[in-house]
Structures are given as C-alpha cells and as structure tokens.
Amino acid sequence: MKHMFKEITLQLLQGFGENLTLFGLTLIMSMPLGLLICFGSMSRFQPLRWLARTYVWIIRGSPLLLQLFIVFYVPGLVFGAPMKNRMMAALVAFVINYSAYFSEIYRGGIESISVGQYEAGHVLSMKRSQVFMRIVLPQVIKRIMPPISNEIITLSKDTSLARVIAVAEVIMVAERFTAKGLVWPLFYTGVFFLLFSGFLTLLFGFIEKKLNYYRG
Amino acid sequence: MFLHVKNIYKKFAHAEVLKGISFSMEQGQALTIIGSSGSGKTTLLRCLNFLETPDSGQIDLKGKCIYDAERDRNCSDVQLRNKRLHFGMVFQQFNLFPQYTALRNLTLAPELLQLERAPRNEQSAIKKKIDEAGRDLLIRVGLADKMDAYPYQLSGGQQQRVAIARALALNPDILCFDEPTSALDPELTGEVLKVIKDLKNEHTTMIIVTHEMGFAEKVSDHVVFMAHGIIEEEGPPEKVFHNPESPLIRSFLQKEDFY
Ligand SMILES: Nc1ncnc2c1ncn2[C@@H]1O[C@H](COP(=O)(O)OP(=O)(O)OP(=O)(O)O)[C@@H](O)[C@H]1O
Ligand SMILES: [Mg+2]
C-alpha cells in the first residue's frame with residue numbers, strides 16, 4: 001500500500017510536470033504578447049485598434065476548451081498538416097487565450113495613469129519611450145499586480161484542460177487509475193494544485209508587499 | 001527682448017481658444033497672466049511648453065526663433081524635446097512621480113538627458129553632480145529634510161515645492177506656473193508663494209498664471225489680462241490692477257474679491 005502510494009505520487013508528479021511546463025511557457029510567451037496586443041488595442045491607427053479589439057473579443061468570448069480543439073484539429077483538417085505535438089498545440093491555444101486576457105489587464109492599467117504623468121515627463125524633455133518605461137510602466141505594474149496574480153492562479157488550474165487533446169497532464173494521469181477502479185488519485189490531484197497555488201499566493205503577496213513602498 | 005511671443009493661434013475641434021496672442025518680456029522678469037475661467041491661460045502655457053502645438057504664430061527666445069508654426073507644426077519628437085528644454089512647467093496638480101523619492105523626481109530627467117550623450121567613464125561623475133545639484137535645489141525650496149520622502153508622504157505644499165525644484169533642475173530659460181496654489185488648502189499656499197517670491201528675487205524669469213490677485217500684484221513686473229482668447233489688457237501691475245482701460249478687468253477683479 002505504501003509502495004503503491006509512492007508509485008502513484010510519482011506518476012502524478014510526472015503529470016503535474018506537464019501542467020507546470022504548460023504554465024511556465026504560457027506565461028513567458030503570453031505576457032509580452034499581451035503587451036503587444038494591448039498597444040494594438042490602444043493604437044491611434046484605427047485598423048490596428050479594430051483588429052486587436054476583435055481578437056480580444058473573439059478569444060475572450062469563446063471557451064478555452066473550444067480553442068484547444070480548434071488549434072489541435074484545424075491544421076490537420078484545413079492544411080493537411082495535423083498537429084503532431086499535443087503539448088505544442090496546447091501551448092499555442094493557451095498563449096493565444098491568455099495574451100488576450102493579459103492585454104486587457106494591461107490596457108486597464110495603462111489607461112488608469114493620468115495624462116498629467118505623461119505631460120510631466122514630456123515637459124522634462126523625456127523621450128516617449130522614457131516616459132513609458134520610467135514613469136508609466138512602474139506605476140502600471142503596481143496597479144495590475146492584483147488582477148495579474150488572479151489571472152496567473154487561474155492559469156495554474158486551467159492547464160488541466162489540456163487533457164481534452166490528450167496532453168498527459170496530472171488529471172489525465174489520474175483518470176488512468178480511475179479506469180482501473182482506483183478513484184482516490186483523482187481527488188489526490190487537488191493537493192498538487194492547492195500546494196502550487198498556495199505557493200503562488202505567497203509569491204504574489206511578497207511582490208505586492210515589495211511594491212507597497214509608495215502609494216498612488 | 002528675451003521672449004517674444006507673436007500672434008499665437010490655437011483651435012481645438014470646435015473652439016478657437018487663442019486668437020492671436022502676442023506679448024514679450026525681459027530676462028529676470030515675472031509676468032503674470034490673469035483672466036476668467038476659460039479665457040485660454042492654460043492653453044497658452046501649454047503652447048509655450050509644446051504640450052500643444054500652436055496653429056500659427058512664432059516664439060522667439062533670446063533673439064532666435066524657436067518655434068514657427070509654418071515650419072514646426074509637425075516637427076519630430078526630438079525637435080520638440082529640444083524646444084521644451086527652454087521652458088519649465090509647474091502644474092496645478094503637481095504631477096510628481098509617485099514611485100520616486102523627492103530627490104529622484106528631480107534627478108531623473110537631467111540624468112536621462114545628460115547620460116544620453118556622456119561617455120561611459122564619465123557617467124558616475126555626472127550622476128554625482130546631478131545628485132548634488134538636486135539636493136541643493138531641495139534645500140533652496142526648504143525641503144532639506146524631505147529628500148528621501150515619497151510624494152504621498154508630503155503635504156500638498158511640499159509636493160508643489162518639489163515640483164518647482166524639479167522644473168528648475170533642467171535650468172529652463174523660463175519657468176511657467178499654471179495656478180500653482182489652486183489645488184492647495186489655503187494654509188499651504190503661503191509656503192509655495194514664498195518660494196516663487198524667492199525665485200523672483202533671484203531673477204528667475206517666470207510666467208505665472210494665477211488667481212491670487214494680491215500675490216500677482218506684488219510679484220509681477222508685467223501683468224497680462226486675458227479674455228476670450230485675446231489679451232484684453234497688459235501693463236505694469238499698478239496700471240492693470242488700479243487704473244485699467246478695459247471695463248472687463250474691473251468686473252473680473254470684483255469677482256475675484258480684489259477690491
Ligand atoms: N484639449 C482641448 N480640447 C478642446 N477644448 C479645449 C481643450 N483644452 C482646452 N479647451 C477649451 O479651451 C478653453 C480655454 O481653456 P483653458 O484651460 O486654456 O482656460 P483657462 O483660462 O486656463 O481657464 P481656468 O482659469 O479655468 O483654468 C476652454 O473653453 C476649454 O474648454
Ligand atoms: Mg487653466
């Protein structure tokens with residue numbers, strides 16, 4: 001029994017490794033991409049703004065589950081080049097999905113900074129890029145930390161959706177045991193998610209505290 | 001003539017806000033702009049700081065044309081930045097950078113500007129010099145003990161004094177104030193007005209938009225009264241405040257409780 005528990009834990013851990021990979025890679029790619037989409041959605045060039053906002057509307061307006069299926073099946077159906085790497089398909093779908101959400105969080109943050117901050121930078125002869133990097137962005141980061149943490153914790157759990165295209169993530173691994181009549185590993189997966197989101201909560205608490213050295 | 005503003009026009013979507021503004025001033029003078037709400041005072045200051053670009057008109061500084069609408073209306077960001085160096089601006093709402101200390105608010109822009117051109121081996125010396133100049137400025141505005149305070153830790157009057165020091169840190173030819181005390185509690189206006197008076201005594205060239213009529217009368221060499229986008233009357237304070245030609249001034253001053 002003890003041996004079996006250890007064996008199952010190891011297998012689930014391996015599955016959770018997939019969740020973590022998907023989680024990490026999605027973050028690394030969707031956070032910068034979200035910023036680009038955000039710039040697009042705030043652009044003075046109307047077609048670009050329209051394009052970015054339509055993208056956000058479509059992605060946020062449809063289920064991530066459906067997006068996973070589409071990314072996985074459409075290349076095969078339409079271009080005759082099926083997705084071979086399931087993890088890759090999941091990653092593409094997650095990056096598309098999360099970049100849309102992040103872009104909206106960024107936009108909210110950027111739009112909450114008063115024009116006075118930009119103008120103060122401009123009259124001090126700063127470059128546009130300097131005004132953004134030195135004045136606006138640090139304030140935006142502080143303001144968006146709570147919604148960003150929220151989104152990132154949501155992502156940590158959403159990674160399990162990848163099982164619908166048979167990425168061997170932790171819940172999928174657990175379901176193999178369920179099929180053999182062993183149900184508890186399925187419930188046991190919750191512990192992995194809880195521990196990880198607990199860690200994230202502590203991490204974001206720490207970052208938010210660090211950013212609390214000023215107000216405004 | 002130190003500054004010569006010629007025939008500035010500025011129109012927004014529907015409203016013609018400045019309809020041919022011309023005035024001039026000498027170095028070391030304090031010029032105040034008064035006038036009722038909506039007369040275009042802020043817009044004029046914003047034009048001088050190139051936060052708005054005038055639709056037509058010229059600005060000469062020290063005998064050189066620094067802005068000509070014909071030539072510069074669509075000028076590049078780099079050109080705008082160079083023009084802006086001539087003017088400093090103190091806003092009604094202070095607009096300090098909340099994430100930086102008082103001292104850093106002063107040193108950030110000079111550092112970015114000077115390090116851009118400096119060779120690597122001189123950078124730390126330059127930073128040190130800017131830092132010292134920043135400290136001196138904060139001492140001058142009476143904030144020696146607040147160098148490391150963040151804006152949220154300062155009173156409105158202290159914040160505005162930091163903002164004044166920040167504008168001075170780039171050594172502008174002319175320092176502009178847009179109602180520098182309007183956002184302050186009455187008991188805090190005094191400390192800000194005192195700093196401006198001190199600057200006047202040190203011969204800082206200033207353009208001050210204000211609703212503090214008593215202060216304007218005392219501090220200015222020249223007063224400009226604006227109404228509906230034009231200069232209705234101008235002259236030395238004795239004339240504008242006590243012997244004006246335009247009947248508009250008298251009713252304006254009455255509203256401002258000057259008499
Ligand atoms: N960006 C803008 N777009 C459209 N109209 C503007 C803009 N900025 C100013 N105005 C208009 O121009 C007019 C003059 O505004 P301005 O702020 O220069 O007046 P002011 O003399 O500074 O008034 P106050 O004493 O209230 O500060 C106002 O009618 C205002 O509505
Ligand atoms: Mg105004």
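Everything numeric in this text was worked out from a predicted model, so none of it was measured. Throughout, a chain's letter reflects where its sequence line sits, starting with A, and its residues are numbered from 1.
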Got a second to check how far [X]'s [atom1] is from [Y]'s [atom2], nearest 0.5 Å?
X: B:E116; Y: A:K127; atom1: CD; atom2: NZ; answer: 4.0 Å
X: B:Q93; Y: A:Q117; atom1: CD; atom2: CD; answer: 11.5 Å
X: A:H122; Y: B:R46; atom1: NE2; atom2: CZ; answer: 11.5 Å
X: B:Q99; Y: A:I141; atom1: CD; atom2: CD1; answer: 10.0 Å
X: B:L51; Y: A:Y118; atom1: CG; atom2: OH; answer: 14.5 Å

Inset, instruction - Indicate yes or no: does A:R128 engage B:D77 in a salt bridge with an N to O separation below 4.0 Å. - result: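 The answer is yes: the pair qualifies as a salt bridge.
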Inset, instruction - Go through the steps to decide whether B:F50 and A:V123 satisfy the test side-chain contact (heavy atoms from CB on, under 4.5 Å), and finish with yes or no. - result: CA-CA 8 Å; B:F50 304 104; A:V123 296; over 6 Å; no
Inset, instruction - Would you mind reporting whether A:R215 and B:P98 have side-chain heavy atoms less than 4.5 Å apart? - result: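 No - every pair of side-chain heavy atoms lies 4.5 Å or more apart.
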Inset, instruction - Answer with side chain, backbone, both or neither: which region of B:F97 has an atom nearer than 4.5 Å to a non-hydrogen atom of chain A? - result: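 Both backbone and side chain of B:F97 come within 4.5 Å of chain A.
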Legend entry - Part of B:Y100 lying under 4.5 Å from any heavy atom of chain A: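 Just its side chain gets close to chain A.
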Which pair of heavy atoms, one from [X] and one from [Y], lies closest together, and at what distance?
X: A:L124; Y: B:L170; result: O-CD1, 3.4 Å
X: B:L112; Y: A:Q130; result: CB-NE2, 3.7 Å
X: B:L113; Y: A:S125; result: CD1-O, 3.9 Å

Within a reach of under 6.0 Å around [atom1] of [X], are more than 12 heavy atoms found that belong to other residues, nucleotides or ligands?
X: A:R134; atom1: CZ; value: no
X: A:Q14; atom1: CD; value: no
X: A:F206; atom1: CZ; value: no
X: B:K6; atom1: NZ; value: yes

Legend entry - Distance flag, aromatic centroids of B:Y152 and A:Y214, threshold under 6.0 Å: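 No: the rings miss the under 6.0 Å criterion.
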Legend entry - Greatest number of heavy atom pairs closer than 4.5 Å to chain A - which of B:V78, B:L80, B:N82, B:L96: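 Heavy-atom pair counts peak at B:L96.
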